[in-house]
Amino acid sequence: MSITAIKGFNDILPAESDRWQYIEQTARRVFELNGFSEIRVPIMEKTELFRRSIGDATDIVEKEMYTFTDKGENSVTLRPEGTASVMRAFIEHKLYAQDPVAKLYYLGPMFRYERPQKGRYRQFHQIGAEITGVNAPLADAQVLNMLVQLFREIGLDEPSLQINSLGCPDCRPAYRASLVAFMEERLDRLCEDCRRRFTTNPLRILDCKVPGCIEATVGAPSVLDHLCGDCDDHFAGVKGYLDSTATPYSINHRMVRGLDYYTRTTFELVTGLLGSQSAVAAGGRYDGLISQLGGPAIPGIGFAIGFERVALLLGDKDFSRQPDLFIATMGVGERDFAFRLMHDLLRSGVRVEMEYEGKSLKSQMRRADKLGARYSVVIGENEVASGKAAFKRMKDGEQIEVPLKCEDIKKMME
RNA sequence: GUGGCUAUGGUGAAGCGGUUAACACUUACGACUGUGACUCGUACAUACGUGGGUUCAAAUCCCACUAGCCACCCCA
């Protein structure tokens, strides 16, 4: 038995990587348009970073991290998400000293030890963006609008935006208490998982998909009714800006987050097309995170997009690049000639392919067709001698005589 | 961590106890000794995830293992 990849770790083969590049390039373009710069952070961090940011009691930290002890006896962890590293770097390099308002994006692999299934892998990829230093709801709205714009430009308008507010450390405890009181009375109607959640994370019960639980929790107190004045104003501001830019969204007061650092605005881009993995992108505000990690009291907001899930939504769409020209040759001498011609054309930006081995003309033409070349040309003794050749437009077979010179060939192809 | 389903070539698959392991795609070569797409021909699994067992006979039945998928949990 030959060696295979690790469970949940996937190879991205050419057919798929074309699609990935399309997503990545579109994301970079949209982010840069919005004034974001890329930050590249390591894929491994001290374990402590994730414990402090994501939260000790979360599932991610409790049972899903790839944590090791390295040769220097340090506990290190393959990052399960990106925000913690970005904020660690923001603090470590004192980026806030230059300008507390930073707009950063990142992309790369993340690692979570979960049972793989559709749209969920142990090594998966995220593209994320963060804005620090802005309290105003305007920042929330810009982040959301950018996210929506990105999906539009990728060509996906199916995922819909859901927003919520989780309040802040001032108002959340009271909400939690009233929710617990409400649930306590209906404990017997909840599923087993929810009864467990009642003690571990009562907010999660709102997110349960079991019909009985949905029924039992009808009329449960909503976070949105328990926001303090400031949080309420903030959320109203966000909604106002989304309305004023005609960004479609719906409010889901039952939306919960799996990471502890979120405050106020939270959101998800959800789809019905990926089975149980409905979130394609998600994020929120994390006003306490930077100070919690030892930095100054600077707020932040951001999101992460699940790369694999976006790729899945794009389906089998073909994003491969076709050659502009395929050069077929008759003999060894012509092949040398063609190689020099190809070299010149490549240097001037024409996408050229040729046959490397001495295959029959028939098989060379077949290859030209298979590669989807726009034009083909056959170079034999006559062509080398005359310096001219018949260029064939593959889609209709029309042939045009053109000199075998870079400039003439380029012109002909326009 | 829990459950369900599936495992035949590069791919999609037929096969249901005795077959040269069908068919299609892909690939290679040819029909056409200087021209692709359509057509036609030829070649391409000593082999049916691995290990046991039942049987005169197993890809086909049984068991175990392994892997993959999907779902739960959780999440992007």
Side-chain angles (χ1 to χ4, degrees), chain A residues 1-2 4-8 10 13 15 54 57-65 79-83 107-128 147 159 191-194 196-197 200-201 204 207-210 255-259 267-271 274-284 302-313 326-331 334 355 357 359-383 389-399:
Chain A
M1 191 52 182
S2 51
T4 58
I6 299 170
K7 184 203 268 291
N10 302 122
L13 272 11
I54 298 170
T58 57
D59 276 22
I60 294 179
V61 171
E62 255 182 4
K63 44 194 198 198
E64 295 175 2
M65 295 206 302
R79 63 181 183 192
E81 62 108 33
T83 303
L107 83 192
M110 307 294 161
F111 305 85
R112 260 122 101 158
Y113 193 88
E114 300 180 272
R115 207 58 179 263
Q117 66 191 69
K118 189 191 183 94
R120 201 179 76 183
Y121 312 99
R122 289 184 174 179
Q123 181 186 117
F124 62 103
H125 297 75
Q126 291 188 332
I127 318 177
L147 182 61
C191 70
E192 208 180 305
D193 282 328
C194 282
R196 195 197 70 231
R197 287 179 186 123
T200 58
N201 191 350
R204 282 236 94 86
D207 207 28
C208 186
K209 288 153 208 142
V210 174
M255 187 170 71
V256 217
R257 307 275 64 207
L259 290 74
F267 52 89
E268 280 185 12
L269 223 44
V270 299
T271 175
L274 291 179
S276 57
Q277 266 60 248
S278 59
V280 191
F303 61 76
I305 300 168
F307 215 120
E308 282 82 355
R309 294 181 186 181
V310 176
L312 238 29
L313 287 176
F326 186 93
I327 306 177
T329 56
M330 298 308 295
E334 288 81 34
E355 178 55 55
E357 315 270 358
K359 294 269 175 72
S360 72
L361 183 60
K362 173 147 198 109
S363 75
Q364 293 186 61
M365 289 306 290
R366 274 187 181 150
R367 183 164 176 76
D369 185 57
K370 206 185 105 200
L371 292 173
R374 283 168 58 215
Y375 287 89
S376 68
V377 63
V378 178
I379 297 183
E381 270 181 71
N382 300 341
E383 285 79 7
F391 283 77
K392 181 175 191 172
R393 200 198 285 149
M394 296 300 277
K395 68 171 184 219
D396 55 13
E398 198 169 309
Q399 305 214 37

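Just the heavy atoms: all of them, side chains too, but no hydrogens, waters or symmetry mates, feed the values below. Proteins get letters first, then strands, A, B, ... in listed order; numbering begins at 1 in each.
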Which whole number of Å gives the distance between the P atom of B:A7 and that of B:C48? 15 Å
Could you measure between the two C1' atoms, the one in B:G9 and the one in B:A14, and give it in whole Å? 13 Å
Quick one: does [X] reach the base of [N] with a side-chain donor-acceptor pair under 3.5 Å?
| X | N | result |
| --- | --- | --- |
| A:R393 | B:G36 | no |
| A:R309 | B:C75 | yes |
| A:K392 | B:G36 | yes |
| A:E383 | B:G34 | yes |

Stacked pair A:F307-B:A76, distance under 5.5 Å, angle under 30°: no
Other residues, nucleotides, ligands: >12 heavy atoms within 6.0 Å of A:R374 CZ: yes
Neighbour count above 12 (heavy atom, 6.0 Å) for A:E381 CD: no
At less than 4.0 Å, is any side-chain N or O atom of [X] found next to OP1 or OP2 of [N]? Yes or no.
| X | N | answer |
| --- | --- | --- |
| A:K395 | B:G36 | no |
| A:Q117 | B:C72 | yes |
| A:R257 | B:A76 | yes |
| A:K63 | B:G1 | no |

With a 3.5 Å limit on both atom pairs, tell me what B:G9 is paired to, counting Watson-Crick and G-U wobble, or say none. none
Scan A:F391 against the nucleic acid and name what it touches under 4.0 Å (heavy atoms): base, sugar-phosphate only, or nothing. nothing
Scan A:A282 against the nucleic acid and name what it touches under 4.0 Å (heavy atoms): base, sugar-phosphate only, or nothing. sugar-phosphate
Tabulated below should be each protein N or O lying under 3.5 Å from an N or O of nucleotides 3-6 of chain B; please produce it.
none

